[in-house]
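Everything on this sheet refers to the single structure shown next.
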Amino acid sequence: MANGMSVDKLIEVINTTLETVEPPTYEDLSRTRQKYIAAKQILKKRRKQLRGLGGTYRWDVKVTCHGQAEHVGAYEVEQVTVKDMFMKANVPVRVTRGKFAFDIMEEELNGGPEQVVDVIKAREVDAYGDVVDKIEQAFWAPGIDVTDDKTPWPIHHTIRPHPSASTPPGFNGGNPPGWPDKQGINCSAVTRFNNWTAGWKDMSDVSPGFIYRLNEAMDRTRFQAPYPYPNRSPEEDDYMFLTGYALRQQINQWLRRQNDNIGRDLRNFFGDPMLNGTPVQWLEDYDDVGVWGNTMPFIGLNFSVIEVLQVPGWDFKRIGPEKAPMQKTVVECFIYKMWNTINRDPSRSFMLNYFADLSA
């Protein structure tokens, strides 16, 4: 290996040149996911910085009212009672890690420092891609076990599907299965912390059709304050609508039947349909019948109340390169992201599910 380099030399090359090298250009056929919907929100828009607090973010939630307004007459005796109106919600921080490594005995490392850095950069880019894949997968997971203290909480930890074919529409999305609470608040006691759910049976605009239930969901999840107050979340809605490919096609077919003048474009009513000016996007995770069965989920996420917990300094933080402890010719690098998902008000989001035997 006359043209090779030592581990120390390799580490020096990485530290001095990696940050200034442009990512290599190549065709990447290694990724199978077509869209990164959650990652765009998590990485760019919705971050909430966490400082201290022992790795857990807590916030106040007002869960009840004093209820002491009354109509009175002259000379009535006044009596004021005080009760605790607040509860603490909490979300712990979670860690997602990517990694990549190099061995000085690899043949491609004999091409000089420039070639070394090019190969290393490709692996670094791939490691970042692995982290983003993991984040996207975690965000849309159907749920996590109560004993799982490593996995970030998916959005379906707080936005639950419609329970059954016999359950009427309403705020039915309570505690996740096996959990005593949702983000520290027991939904059995605080039903306003439930998300709205409904089942649907066909595509019609009369109950229990999908179009009818969708419009009902939009109306039922809009809340206004009776008086200006320091609410953390704005009243303005910021919806994202997502569903699987099959239901998106059914929506487009329904729209196509409503319009006699469809034009000559073959993509008319075959892309993302619109709801209140917002596109209904295809989420490939909802195509997994092994997870969702034939319920064809449709979710309305109100991102005005959804944030991403982010620990400062640990947003894709790279540690290394450094020698591997058990492999003397290997250099390792690790990429860390410390984060989790926060849903301040699940009642402002909804989920619809198909039931062939719907009875409510």
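Defined by atom type and a distance below 3.5 Å, a donor-acceptor pair is present between the side-chain atoms of R192 and S347. R94 and T151 share no donor-acceptor pair across their side chains, judged by distance under 3.5 Å alone. Under 3.5 Å, the side chains of D133 and Y36 contain a donor-acceptor pair of N or O atoms. A donor atom on one side chain and an acceptor atom on the other are found under 3.5 Å apart for T329 and D103. For the residue pair W292 and N353, no side-chain donor N or O sits within less than 3.5 Å of a side-chain acceptor on the partner. T221 and Y239 share a donor-acceptor pair across their side chains, judged by distance under 3.5 Å alone.
You'll find the ring centres of W179 and H157 inside the 6.0 Å limit. Between Y212 and F210, the ring center distance fails the sub-6.0 Å criterion.
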May I have the step-by-step check of side-chain hydrogen bond (donor to acceptor under 3.5 Å, both in side chains) for T96 and W339, ending in yes or no? CA-CA 8 Å; T96 303; W339 68 289; 2.9 Å; yes
Could you go through the side chain to side chain contact (heavy atoms under 4.5 Å, CB included) check for I155 and L301 one step at a time? CA-CA 9 Å; I155 196 63; L301 291 181; 3.6 Å; yes
Test side chain to side chain contact (heavy atoms under 4.5 Å, CB included) applied to R248 and D272, step by step: CA-CA 7 Å; R248 192 185 71 156; D272 290 341; 2.5 Å; yes
Any chance you could lay out the side chain to side chain contact (heavy atoms under 4.5 Å, CB included) test for D8 and K323, step after step, and finish with the verdict? CA-CA 8 Å; D8 292 336; K323 293 181 182 180; 3.1 Å; yes
For V280 and L242, what are the C-alpha separation, side-chain angles and deciding distance, and is it a side chain to side chain contact (heavy atoms under 4.5 Å, CB included)? CA-CA 5 Å; V280 176; L242 303 118; over 6 Å; no
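Between I299 and P297, the closest side-chain pair of non-hydrogen atoms is not below 4.5 Å.
V289 and M351 are not part of a single hydrophobic cluster, where members link through side-chain heavy atoms under 4.5 Å apart. Y286 and F355 fall into different hydrophobic clusters, where Ile, Leu, Val, Met, Phe, Trp and Tyr are joined by side-chain heavy atoms under 4.5 Å apart, directly or via other members. Hydrophobic cluster membership differs between F102 and V330, with clusters built from Ile, Leu, Val, Met, Phe, Trp and Tyr side chains linked at under 4.5 angstrom. The hydrophobic cluster containing M296 does not contain L358, counting ILVMFWY residues as joined when their side-chain heavy atoms lie under 4.5 angstrom apart, directly or transitively. The hydrophobic cluster containing F334 also contains W314, counting ILVMFWY residues as joined when their side-chain heavy atoms lie under 4.5 angstrom apart, directly or transitively.
The CZ atom of F350 sits 5.0 Å away from the CZ atom of F241 when rounded to the nearest 0.5 Å. Between the NE2 atom in H162 and the CZ atom in F298 there is a gap of 16.0 Å [rounded to 0.5 Å]. In this structure, CD1 in I135 is found 11.5 Å from CD in Q137, a value given to the nearest 0.5 Å. From L283, atom CG reaches atom CH2 of W140 across 5.0 Å, with rounding to the nearest 0.5 Å. Expressed to the nearest 0.5 Å, how far CD of E332 lies from CE of M326 amounts to 11.0 Å.
In this structure a side-chain-to-backbone donor-acceptor pair under 3.5 Å is missing from E307 to N343. For Q281 (side chain) and M240 (main-chain N/O), no donor-acceptor pair under 3.5 Å exists by modelled atom type. Looking at S349, its side chain never comes within 3.5 Å of a backbone N or O of P346 through a donor-acceptor pair. The backbone N or O of W153 sits less than 3.5 Å from a side-chain atom of N340, completing a donor-acceptor pair. In this structure a side-chain-to-backbone donor-acceptor pair under 3.5 Å is present from N252 to G271. At least one donor-acceptor pair under 3.5 Å links the side chain of R213 to the backbone N or O of G199. Remark: side-chain polar atoms of W254 are not paired, donor with acceptor, to backbone N or O of I211 under 3.5 angstrom. Between the side chain of N172 and the main chain of P168, a donor-acceptor pair closer than 3.5 Å is present. E136 contributes a side-chain N or O that, together with a main-chain N or O of A38, makes up a donor-acceptor pair within less than 3.5 Å. D130 places no side-chain N or O within donor-acceptor distance of the main-chain N or O of G98, the cut-off being under 3.5 Å.
Screening Q183, H156, K182 for a side-chain contact (heavy atoms from CB on, under 4.5 Å) with P176, the sole residue that qualifies is K182.
Cation-pi geometry between R344 and W59 is met: the NZ or CZ atom falls under 6.0 Å from the ring centre, inside 45° of the normal.
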